[in-house]
Amino acid sequence: MKKYLKKTVGVVLAAALTVSAAVSVYAVDTSKSTSSANNSYTNASQNLDTQYGYDGNDLGATYTKNATTFKVWAPTATSVKLNLYSEGSGGSKISTTDLSNNKGVWSKTLNGDYKNKFYTYTVTAKNVTGSNTTTKETQDIYSVATGVNGQRSQIVDLDSTDPEGWSSDAHVLLDKNTDSYVWEVHVKDFSYDSKSGVSSKNRGKYLAFTETGTTLNNAGKTPTLVDYLKNLGVTTVQITPFYDFSKNSIDETGSNDQFNWGYDPVNYNVPEGAYSSNPYDGNVRIKECKQMIQALHKAGISVVMDVVYNHTADTNSSFEACVPNYYYRMQSNGKFSDGSGCGNETASERRMFRNFMIQSCMYWVNEYHIDGFRFDLMGVHDVETMNLLRAEMDKVDPRLTIWGEGWTGGTCTYPDTTCTGKKFMPADRFYSADLNERIGIFNDGIRDAIKGSVFELKGKGWVQGDKKSSKELTEGIKGNVDGTHNPTNYQWTSKQPSQTVTYTSCHDNQTLWDRLAASQGASNFRQRNDTFVKQNKLAGGLLNMSQGITFTLAGEEMGRSKDNDENSYKSSVSLNMIDWGNAQTNADIVAYYKGMREIREKFSPLRASDKSSLSGYKCYSGESASDIYAGVWSNNTSGEWKKLAVIANNSNSSKSYTINASEGTSWVILANSSSAGVKKLGEVNNGTFTVDGYSMVVAVDKDSFEKPEVEPTTAKPTEAPATTAPITTAPDTTPKYQKGDVNRDGNLSIKDATLIQKNIAKLETLDAEQLALADMNGDGTISIKDATKIQRIIAGRFRELSPESSKNIKTAFVKSEAVLFLCFFQFRNIVHIQGLDFDYFVNRYFMSFYGKIYNVQISIRGIV
């Protein structure tokens with residue numbers, strides 16, 4: 001969301017935060033930003049938590065074909081009525097029914113099949129202090145489907161919204177969040193350009209993500225959309241808000257050319273209807289949203305959802321209708337606190353909003369297979385809530401990701417304690433030590449160091465020649481683990497690199513390209529400029545050669561411009577959309593980002609999630625003002641380069657730099673001012689590098705480059721793990737065969753991966769030596785990870801095979817699938833013999849296993 005900063009130490013001026021409710025702003029948290037902590041509203045809300053808090057997960061409408069049960073938490077209400085409608089908007093009311101109250105939870109069960117009917121509640125309730133009573137008709141806080149513009153909730157059978165193959169869809173996750181290459185995109189931005197090659201009916205829609213084989217202008221040459229992402233090496237797509245947001249931003253009954261970022265939530269558990277083919281039927285938006293996620297998963301890409309739990313579009317909300325003044329923090333004078341800069345702030349420390357936040361996130365994880373969350377204005381929330389969410393997500397898979405903005409949008413009315421009685425601590429960057437180390441925080445320090453402060457529209461950063469940014473740059477390169485709590489330059493300290501999101505631009509503020517152009521006097525922001533191209537590449541190089549989670553705005557790698565509109569939240573779609581022509585015009589920048597990513601994937605210290613690799617890092621230039629940054633990383637990971645040197649030059653002329661002789665003198669260059677990748681571009685044998693203006697040289701030591709111990713592997717997403725088979729016999733410590741050669745035929749092949757799959761499915765028993773060979777990751781268990789690792793190694797060799805060899809490998813995959821189907825029929829016979837429910841057991845057990853294996857195979861087949 002849009003962020004502004006008042007750069008006066010320790011002072012936040014409310015006047016600087018007056019903006020449209022559709023846009024969020026933030027101020028630097030120089031200390032604990034708070035106002036009127038505990039007051040009558042806070043105390044009354046805490047009393048409700050104690051007396052009426054409800055931890056059940058059945059609030060909302062629970063549908064079955066025979067009956068639907070409705071439950072509403074409304075402890076201050078004197079009356080709650082259920083209204084049924086046949087239409088999502090307009091039309092006449094079918095019936096009104098009173099709900100019964102049981103300790104603040106109002107409920108009613110209607111017998112019969114109410115699928116696809118619409119409903120609202122009419123709630124008469126006092127505010128938390130008992131000083132006022134209101135009667136409002138509202139949609140359900142816990143809606144999972146709605147009619148057009150989200151004004152009425154819809155009763156749906158969620159199972160019927162699953163697209164074909166959904167039961168086989170699995171989370172796509174990375175072993176470490178620091179393996180990520182995140183590409184932030186807006187649903188409409190992604191495909192609205194007619195040059196994208198997408199069908200006209202899917203332009204700007206969820207289903208655009210499902211189209212494959214798209215190319216620029218349908219010419220068959222330059223890939224676009226999801227094929228482009230795969231080619232670029234993107235591991236993770238972060239999608240700006242696609243829950244149901246305000247009709248004041250996008251009217252779902254209107255035309256497809258409307259645009260808004262969507263940071264104004266209305267129904268958190270409902271997909272936005274404007275991105276669907278039919279916003280009037282809640283089933284359609286759900287199914288098409290799932291199809292979008294499914295398509296990205298099939299491409300091997302994780303999906304991170306941008307969530308905005310810190311405020312609602314306005315206070316005329318379902319929350320305020322059901323329990324007035326409870327879900328929001330209130331000032332002592334009865335006004336809504338505005339720590340979001342959008343007119344209100346929610347109260348994560350209160351039991352029922354905390355429960356809602358966590359249940360809502362887990363709903364998206366389980367129902368939609370979302371792989372992670374980006375939290376808008378995370379500093380509005382409390383540390384305890386964020387850590388509790390992290391713990392809940394860990395129960396599903398610890399590799400599910402969380403990161404967020406470590407700041408607020410204004411002055412928050414924080415209470416002294418949370419609903420558990422613990423001290424309230426805001427989930428911002430200055431409380432990073434209290435946050436789980438796997439909750440990432442956007443690093444605004446390195447962002448501003450690279451390109452210039454976001455609050456100075458023509459300000460320059462290090463890549464444009466500002467030497468003063470060197471210190472912030474070098475701290476960011478190390479994942480901010482050595483940062484200081486200094487509000488003057490916005491530095492903070494992370495626990496480890498996994499807690500840092502390293503970026504130069506996002507949907508907020510200027511694009512990287514626009515900042516480069518504006519800071520150097522350009523007037524035509526869409527025109528290619530050789531200097532800006534060099535600086536864009538340099539910025540991309542610094543990102544990839546830094547620790548932390550690598551994050552870019554969609555199109556940053558192709559010189560994306562929004563004509564210097566640094567607050568485009570409601571600007572035209574033609575201005576906001578990705579211009580896919582840039583993928584061709586600036587193909588050299590695209591290739592450079594891709595090459596830098598390939599280098600990063602081959603060198604573990606850059607992707608380290610903890611601080612262990614920092615003992616092997618030395619910064620030789622850049623810790624004080626300088627036009628040269630020079631750093632060397634040492635690496636003890638088997639099979640990888642032993643040393644990697646980075647020398648960057650932010651001046652406009654060529655410079656020479658000599659690496660300290662203790663690091664060695666013989667180097668192989670992998671990146672220079674024009675190219676980047678894992679192929680040799682040249683050699684340096686005296687330790688002295690020539691670095692062109694506005695560019696970077698990346699080099700690795702010659703010995704390890706020419707004599708790798710084993711073939712390097714790359715960090716790629718993997719599906720969620722299947723059940724593992726424990727090793728019950730001590731493995732032979734001196735195997736006669738290479739690691740992974742499970743069938744002991746002397747070759748590493750798909751047969752070995754298949755044998756591991758059979759072992760997991762208990763269709764094949766491995767002896768002690770085979771178990772030792774199969775344990776590819778050395779964790780003591782045999783799992784799908786081991787089979788996947790073998791497949792990755794094989795996949796890395798496909799590109800060098802002849803067409804005939806590739807054909808043979810494809811045949812092997814077909815045969816492996818035949819084995820799976822044979823397993824299926826054996827499974828069916830066993831179930832029938834036992835007299836069990838065939839459909840239930842197949843869907844519950846066999847298909848889950850088959851889906852994981854098939855997804856691994858299909859992703860590798862795509863390479864050949």
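Since this is a predicted model, take the numbers as computed values, not measurements.
Remark: Ile450 CD1 to Leu516 CG distance equals 11.0 Å, nearest 0.5 Å. One finds the CG atom of Asp448 at 8.5 Å from the CG atom of Asn509 (value rounded to the nearest 0.5 Å).
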Derivation and outcome, ring pair (Phe, Tyr, Trp, His ring centres under 6.0 Å), residues Phe551 and Tyr181: CA-CA 6 Å; Phe551 179 104; Tyr181 175 9; 9.8 Å; no

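Defined by atom type and a distance below 3.5 Å, a donor-acceptor pair is present between the side-chain atoms of Arg528 and Asn586. A side-chain donor-acceptor contact under 3.5 Å links Ser470 and Trp462. Counted by atom type alone, Asn635 and Glu640 present one or more donor-acceptor pairs between their side chains at under 3.5 Å. In this structure, a donor-acceptor pair under 3.5 Å is absent between the side chains of Ser673 and Ser695. Between the side chains of Asp514 and Ser561, at least one donor-acceptor pair of N or O atoms lies under 3.5 Å. Inspection of the Gln520 and Gln535 side chains reveals an N or O donor paired with an N or O acceptor under 3.5 Å.
A salt bridge does not link Asp692 to Lys655: none of the charged nitrogens lies less than 4.0 Å from a carboxylate oxygen. Ion pairing between Arg607 and Asp179 holds under the 4.0 Å rule for side-chain N and carboxylate O. Under 4.0 Å is where a charged nitrogen must lie from a carboxylate oxygen, and between Lys478 and Asp482 at least one such pair does.
The aromatic rings of Tyr617 and Trp633 lie tilted to each other, with the angle between the two planes from 30° to 60°. Between Trp641 and Phe603, the two ring planes are parallel [angle under 30°; tilted spans 30° to 60°].
Residues satisfying the salt bridge (Lys or Arg N to Asp or Glu O under 4.0 Å) criterion with Lys643, sequence neighbours excluded, are Glu663. Scored by the salt bridge (Lys or Arg N to Asp or Glu O under 4.0 Å) test, Lys468 finds Asp466 as partners (sequence neighbours excluded).
The two residues Asn544 and Thr550 come nearest to each other via the heavy atoms OD1-CG2, 4.1 Å.
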